[in-house]
Amino acid sequence: MLCQGLRRFGQKLVRRRPLEPPVAETSPARRLTFLDLVALGVEHTVGISAYIVAGDVARDQAGPSIVICSLVAGLTSLLAGLCYAEFGARVPHSGSSYLYSFVSIGELGAFITGWILILTNVAGLAIRIWAWTLALDRLFGNKISQTLQEIVSPHVPGVFAEMLGLFVMFLLLLLLDLLTWNIRQHSLITNVVTLVNLLVLGFVIISGFIKGDLHNWKLTEEDYVQAGLNHTSSLGLLGSGGFVPFGFQGIVQGSATCLYSFIGFTIIIIRGEEAQNPQRSIPMGIVISLLISSLVYFSVFSALTLMVPYYQLRPGSTLPEAFLHIGWAPAYYIVAFGFFCSISASFSVYMFPIRRMISMMAQDGLLFSVLARIQTGTYARIVSTVSFGIITAITVLFFGFTALLDLISFGGLLVFSLLAFSVLILRYEPETQNGGNEAQEENGGNEVQAQEENEPAAEKLTLRGQFFPGSPTPTPLSGRIVCICSSLLALLLTLLCLALAHWPGLLSGDPGPITVVVLLLVLITGITGVIWRQPQSSTPLPFKVPALPLLPLLSIFVNICLMMQMTAFAWAGVGVWMLIGFAIYFGYGIQHSLVS
């Protein structure tokens, strides 16, 4: 009885949505062309990150080697983007990584994905409010904050002055959200803003190579001593000098933080339902937008660190301030204009992913049903905007900018890993299983047991069958083998990343840690070989992830390695958020899910 109860409970966690066939006809709602998707991905990827991320990462984590961090973060996002692209080809009408998880790894994985996406979107909104408040204050010579401090501080604590400034920004956000509610030309606005943004950043890149000094990539201790900044940081002596002043660890930590700059490409997935010819435009839009974004970030970060010695970047500094350093005051206002254009455009559509995700999860029964109406009606729209605005303001007040960056990057890496895992599972699934999960679950798994009993002898679980399957097409047995092996690989890759991140004995030649790492590598290689020998789905798709299973596994490995470099705050913040989510899911969602 207990075993049957646990079996039914486990089946609830992995019950899936049926993989619906893509819609062949072009509906009137599909108005986004391939260029629109590329512009959308670039606009959301090369946004405010180009203006605000470099200052904190270069100053405290990577120095001039932030250009390497941008390439590593871009490569990590590209690996994940390829996995997104295959799902975009499979389910072009879904428009969400939440649904991608639902059709591959099941309900619990979908809930984790959706819940994390809600967290990253709220934190991203908090960063935008913080950045706009800071940039507007800097544009007027810090007079806004000084005036608020003079008016408010004599009567109440100084934190209320910051709260008042955030409240003003929140009212502006609400106004923009309401004004753009009925605007139908979002794609035209996006294309114009993206063009302006790229022109401004192009000006920054050209200026950097004109006014930049290559010596800023070869700084020595004397430079720091002369500047009076020969103090220590979290990674050691600030004046260690050279192109990599914080060492290899600084590059890895900087890459993890820089990942925030690239997760905006997922807007292509969210808007996939509106794409023309989505089977081709979504994969190509993801790949091309990420390549353009990586090139832009590499060039912008190079220009910034050539113009300004990284140690002179202030915490919270923005890209326009670099032109004050080189004495180009008029250029400061040009770049500030591009910054405000970028952040204003992102505000006008940033509420959409939050509302959409909450509404989708509520419609599936995983969240409270009252939240399903969050996208309908003026009243619900205003209430949701006000609620998110209050949560965002509290988040900005209590968490620093770098902490928010780490929180978003951590959540993005976790979602990327789940999607890479999903590609492995779905590619090796038999065609008939995608549509038959519900019937199998309703019968308590009787169909699965009957199918196992009726399997031919060649399909029984044997050691030879692991490497020499008897069927050229996926079977239920081969699908279960891949699912189990992929789960083991995820565990082994996590252990390997822990060993590589926290065992300095590897560098000193200690035989103990080296033996453990070698053993883990042998196990990983063997299990990967088992997956590689299993038959893959022969369903024709416009795009498939190449080099399966190596590329998804490489994506998972890189994601976990970068997650290991996150701060304890990021781990604790995501952990607390997931505890809240699990309480909702196991207390409400698992019983009210419409997939059951």
Using modelled atom types only, decide if a donor and an acceptor are shared between the side chain of [X] and the backbone of [Y] within a distance under 3.5 Å.
X      : Y      : answer
Ser478 : Pro474 : no
Ser104 : Ile425 : no
His592 : Tyr588 : yes
Asp364 : Leu594 : no
Ser65  : Ile68  : no
Thr120 : Ile116 : yes
Arg480 : Thr475 : no
Ser486 : Cys483 : no
Ser77  : Gly74  : no

Less than 4.5 Å apart, any side-chain heavy atom of [X] and any of [Y]?
X      : Y      : value
Ser261 : Tyr297 : yes
His44  : Ile263 : no
Cys485 : Ile481 : yes
Ile66  : Gln61  : no
Ile251 : Ser255 : yes
Thr473 : Gln536 : no
Leu40  : Phe265 : no
Val14  : Ile105 : no

Nearest 0.5 Å, please: how far is [atom2] in [Y] from [atom1] in [X]?
X      : Y      : atom1 : atom2 : result
Ile408 : Leu259 : CD1   : CG    : 10.5 Å
Ser294 : Leu71  : OG    : CG    : 7.0 Å
Tyr84  : Thr266 : OH    : OG1   : 5.5 Å
Leu290 : Leu75  : CG    : CG    : 10.5 Å
Ile524 : Leu496 : CD1   : CG    : 4.5 Å
Arg15  : Glu107 : CZ    : CD    : 4.0 Å

Check ion pair Glu86-Lys544 (N to O, under 4.0 angstrom): no

Any Lys/Arg nitrogen of Arg16 or Glu429 sitting under 4.0 Å from an Asp/Glu carboxylate oxygen of the other? yes

Mind running side chain to side chain contact (heavy atoms under 4.5 Å, CB included) on Met564 and Val252 for me, showing each step along the way? CA-CA 10 Å; Met564 295 298 173; Val252 178; over 6 Å; no

Asp406 vs Ser409, side chain to side chain donor-acceptor pair (under 3.5 Å): CA-CA, chis, key distance, verdict: CA-CA 5 Å; Asp406 288 341; Ser409 297; 5.4 Å; no

May I have all residue pairs that pass ring pair (Phe, Tyr, Trp, His ring centres under 6.0 Å) and include part of residues 529-569, sequence neighbours excluded? Phe399-Phe569

In short, ring pair (Phe, Tyr, Trp, His ring centres under 6.0 Å) pairs touching residues 106-125 with sequence neighbours left out are Phe111-Trp115, Phe111-Tyr585, Trp115-Trp577

Might you work through the side chain to side chain contact (heavy atoms under 4.5 Å, CB included) test for Val296 and Val300, ending with a clear yes or no? CA-CA 6 Å; Val296 171; Val300 170; 4.0 Å; yes

Nearest non-hydrogen partners of [X] and [Y], listed with the distance:
X      : Y      : value
Ser293 : Val42  : OG-CA, 4.2 Å
Leu407 : Ala123 : CD2-CB, 4.5 Å
Cys497 : Cys561 : SG-SG, 3.2 Å
Cys83  : Ala420 : SG-CA, 3.8 Å
Leu426 : Phe87  : CD2-CE2, 3.6 Å
Val67  : Phe298 : O-CD1, 3.6 Å

Can Leu424 and Leu553 be said to form a side chain to side chain contact (heavy atoms under 4.5 Å, CB included), step by step? CA-CA 9 Å; Leu424 281 176; Leu553 291 176; 3.7 Å; yes

I'd like to check the side chain to side chain contact (heavy atoms under 4.5 Å, CB included) partners of Ser281; sequence neighbours left out, ordered by chain and number. Phe34, Leu37, Ala275

Looking only at side chains, do Ser359 and Gln363 share a donor and an acceptor under 3.5 Å apart? yes

Could you go through the side chain to side chain contact (heavy atoms under 4.5 Å, CB included) check for Leu108 and Ile112 one step at a time? CA-CA 6 Å; Leu108 181 60; Ile112 293 174; 4.2 Å; yes

